[in-house]
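For reference, the structure discussed in these notes is given below.
A note on names: the letters A, B, ... follow the listed sequences, proteins ahead of strands, and every chain is numbered from 1.
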Amino acid sequence: MKPLFSIVVTGSSTNSARVIRSTSISSSTITTTTTTTAYVLRYYSPTHINSLLNAACETQDIRYATQIHAQIITNNYTSFAFLLNNLLNTYAKCGHLHRTLLTFSHTHNDAKNIITWTSLITQFSRRHKSFQALSLFNQMRTTGILPNHFTFSAILSACAHTSILAHGQQIHSLIHKHGFITDIFVASAIIDMYAKCSNVDSAKTAFDEMPHRNIVSWNAMVVGFSQNKAHEQAIGLFMEVIKDKWVIPDEVSFSSVLSSCADMGCLDLGRQVHTLVVKHGLLLRPYVKNSLVDMYSKSGCFGDAIGLFKTMAATDVVTWNVMAMGWAQNDCFEEACNYFWIMRGEGISPDEASFSTALYASASLAALDQGTAIHDQIVKTGFMGNTCVQSSLITMYAKCGSLFAAHRVFKEIEERNVVCWTAMITAYQQHGRGDQVIELFEEMLAQGIKPDHITFVSVLSACSHTGRVEQGFGYFNSMSFVHGMKPGPEHYACIVDMLGRAGQLNEAKRFIESMPVKPDPSVWGALLGACRNHGDLEMGKQVAETLFEVEPSNPGNYVLLANIYMRHGRLEEANEIRRLMGVNGVRKEPGCSWIEIKNTTYVFKVHDRSHSQTDHIYKMLSKLAELVKEKGYVAEYQYAVNDAEEFKEKSLWYHSEKLALAFGLLTLPMGAPIRIKKNLRTCGDCHTVMKYVSDIFQREIIVRDVNRFHRFVGGFCSCGDYW
DNA sequence: AGTATGTCAG
């Protein structure tokens with residue numbers, strides 16, 4: 001193939017001994033040939049240079065772009081705007097944005113036309129450098145060049161990415177002023193911008209005002225609804241697309257609506273969309289396939305998701321992520337981790353979601369080794385600077401019990417967003433460090449980071465935990481009055497819990513009655529928990545009645561009420577509650593605890609006798625019983641709800657966490673901390689025993705239950721007896 | 001000579 005471009009050389013180029021390297025570019029490939037020392041200037045026409053740039057662009061190699069840049073300068077073509085534009089694009093596509101910007105700023109403004117400015121803004125906007133894009137837009141306006149529909153479309157997408165409504169609104173009015181509002185590209189970008197700024201109403205207005213729409217405009221609106229969790233509206237709009245004979249849904253339409261079906265867990269609709277996908281022949285499109293797998297996985301039909309996955313000839317990183325998350329959501333955390341490694345074996349590069357999911361699975365297993373292995377992969381693949389990954393790392397380390405490692409990750413984050421701060425705050429909260437929660441939260445506010453709903457859950461729980469009733473109310477009120485947020489049921493539940501813990505049961509009840517929204521079962525649940533803790537039978541009965549109506553299948557409510565009856569010695573009523581559970585078909589999830597010793601995980605259920613060292617374990621338990629009784633332990637029968645009277649004390653002693661504790665004491669070397677994990681909340685009696693044991697044996701015991709950590713040292717627990 | 005919407009994750 002005849003080269004389009006070569007750097008030719010004087011002297012004896014035939015003499016291979018003196019040869020170094022030079023380059024020739026053909027229209028499709030660039031090959032290296034040999035040459036000697038001195039370059040000679042050659043004449044190339046501007047169009048020729050332009051086609052060379054196109055070829056260089058395909059290789060994405062900055063070196064070729066640089067050589068052609070040199071030719072532009074030596075041929076004195078620097079005032080040719082179209083060459084400049086192509087050069088800037090080539091640099092950008094080679095991934096050298098700084099070179100793009102450097103070249104741009106070294107060029108006289110006269111040589112720049114609207115395309116130069118717009119393509120630069122587009123490049124920055126695409127690469128999520130939104131503020132630089134906005135700043136370029138402002139610079140452009142000072143030079144007197146007028147933006148066109150291309151420019152507006154690009155700058156709107158930058159605004160969308162910042163999620164700062166004010167920027168987008170200003171651009172919107174400029175668009176009106178310059179008369180581009182009817183442009184279909186611009187209008188779609190406006191919808192997208194408003195939706196991304198969580199302003200669905202404005203997006204809908206912009207959509208309704210469009211004189212003409214194409215499938216992209218419809219999709220933008222469907223996506224806007226979907227991403228703002230207005231799923232019914234998203235689906236409604238999608239139906240209109242299906243009915244409208246002038247627009248044909250494409251893969252974007254399907255993947256977006258499936259995302260809504262998935263989020264709602266709406267299987268029927270999902271299946272209908274599936275058949276529509278087949279009808280439109282879009283089943284093999286990557287986005288659609290992945291959305292379908294995700295929909296089945298989230299709608300409780302993980303089997304169908306696996307089936308679909310197995311028939312897929314081509315998978316990508318998202319397919320694997322969706323599947324891994326599916327396993328995790330079905331409590332198969334080992335399998336979720338496996339999928340990460342299988343995907344690596346298949347040669348697919350992980351992305352931030354892969355890491356988040358793998359870390360989530362490791363955290364759920366409290367498998368520090370697994371989490372650390374993923375951390376290694378993060379470092380190797382260059383994801384350590386990714387805030388999403390960093391936040392997941394914090395959570396993983398915290399849930400694996402290493403608050404220190406979690407904080408180390410936190411410290412090293414350069415630009416912390418809400419998620420990072422919240423991850424660290426929640427970590428402290430789970431470890432019972434209420435003071436540090438408040439401290440960190442105040443620091444976050446001082447740095448101007450806006451807290452979100454999740455942040456407040458942790459902060460309010462910490463207030464509850466540390467008895468900061470007034471401060472808790474202060475933060476709760478600040479949600480509406482300072483941050484313009486609407487408290488959700490989880491926040492009301494925190495406040496009820498806080499009042500209940502402080503013994504202010506009547507205030508808690510009044511608080512619920514004054515709620516502007518209908519109290520969620522979790523709110524009543526918090527009050528019932530408080531009644532249990534303070535032994536308030538009358539209120540407990542009332543609250544339980546309410547709960548049995550709205551949430552008849554939650555075993556926790558029955559257990560709490562039975563606990564209260566037991567505490568009052570009302571055994572018959574407690575048994576009656578147990579019977580009611582049977583009648584309503586409610587079963588308490590069996591408690592199980594596990595302990596890791598030398599890379600092996602040992603799982604214990606209540607009364608478990610399957611372990612080979614069972615005799616030793618049960619002997620150890622009787623010995624423990626004697627020791628703690630000497631120290632003043634009294635069995636707390638209220639936690640032995642499910643057992644016949646004469647076995648109550650025995651059965652308390654055979655709770656899974658006590659079995660794991662005995663096994664740990666027998667097996668682990670002297671002085672090594674005992675780390676136990678439990679699938680439910682820690683039982684109150686076990687909690688008491690752990691405190692005694694930590695003192696008697698001078699051993700650190702760490703129990704991670706479903707909600708938080710309990711670190712027992714010298715007879716005290718880090719949770720301050722609150723859980 | 002440069003334009004828009006999209007699946008997963010925290």
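With sequence neighbours excluded, the residues that form a side chain to side chain contact (heavy atoms under 4.5 Å, CB included) with A:Cys301 are A:Leu267, A:Arg271, A:Tyr296, A:Asp304. Take A:Asp110 and apply the side-chain hydrogen bond (donor to acceptor under 3.5 Å, both in side chains) test, not counting sequence neighbours, and it matches A:His108. Contacts of A:Ser217 classified as side-chain hydrogen bond (donor to acceptor under 3.5 Å, both in side chains), with partners at least two apart in sequence or in another chain: A:Asn214. A search for side chain to side chain contact (heavy atoms under 4.5 Å, CB included) contacts involving A:Gln447 returns A:Trp421, A:Glu443, A:Ile449, not counting sequence neighbours. Here A:Arg416 pairs with nothing under the side-chain hydrogen bond (donor to acceptor under 3.5 Å, both in side chains) rule; sequence neighbours left out. Among residues two or more places apart in sequence or in another chain, the side chain to side chain contact (heavy atoms under 4.5 Å, CB included) test is passed with A:Thr100 by A:Leu88, A:Tyr91, A:Ala92, A:Leu97, A:Leu120. For A:Ser354, the side-chain hydrogen bond (donor to acceptor under 3.5 Å, both in side chains) test picks out A:Asn321, A:Asp351, with sequence neighbours left out.
Every pair passing side-chain hydrogen bond (donor to acceptor under 3.5 Å, both in side chains) that includes a residue from residues 186-197 of chain A is listed here, sequence neighbours excluded: A:His172-A:Tyr194, A:Asp192-A:Lys196. Under the side-chain hydrogen bond (donor to acceptor under 3.5 Å, both in side chains) criterion, the residue pairs touching residues 373-385 of chain A are A:Arg344-A:Gln377, A:His375-A:Tyr397, with sequence neighbours excluded.
Bounding nucleotides for the chain A contact on DNA chain B, 5' to 3', at a heavy-atom distance below 4.0 Å, are B:dA1 to B:dG10.
Heavy atoms of A:Thr118 sit under 4.0 angstrom from at least one base atom. Residue A:Asp294 is in sugar-phosphate contact alone, with no base atom involved, counting any heavy-atom pair closer than 4.0 Å across all strands shown. Counting non-hydrogen atoms under 4.0 angstrom, A:Val223 reaches the backbone sugars and phosphates but no base. Looking at heavy-atom distances under 4.0 Å, A:Val322 makes contact with sugar-phosphate atoms alone, never a base.
Contact check of residues 198-208 of chain A against DNA chain B (heavy atom, cut-off under 4.0 Å) returns no residues at all. Taken residue by residue, residues 231-240 of chain A places no heavy atom nearer than 4.0 Å to DNA chain B.
Applying the ring-ring contact (aromatic ring centres under 6.0 Å, His included) test between A:Trp327 and each of A:Phe333, A:Phe340, A:Phe302 identifies A:Phe302 as the sole match.
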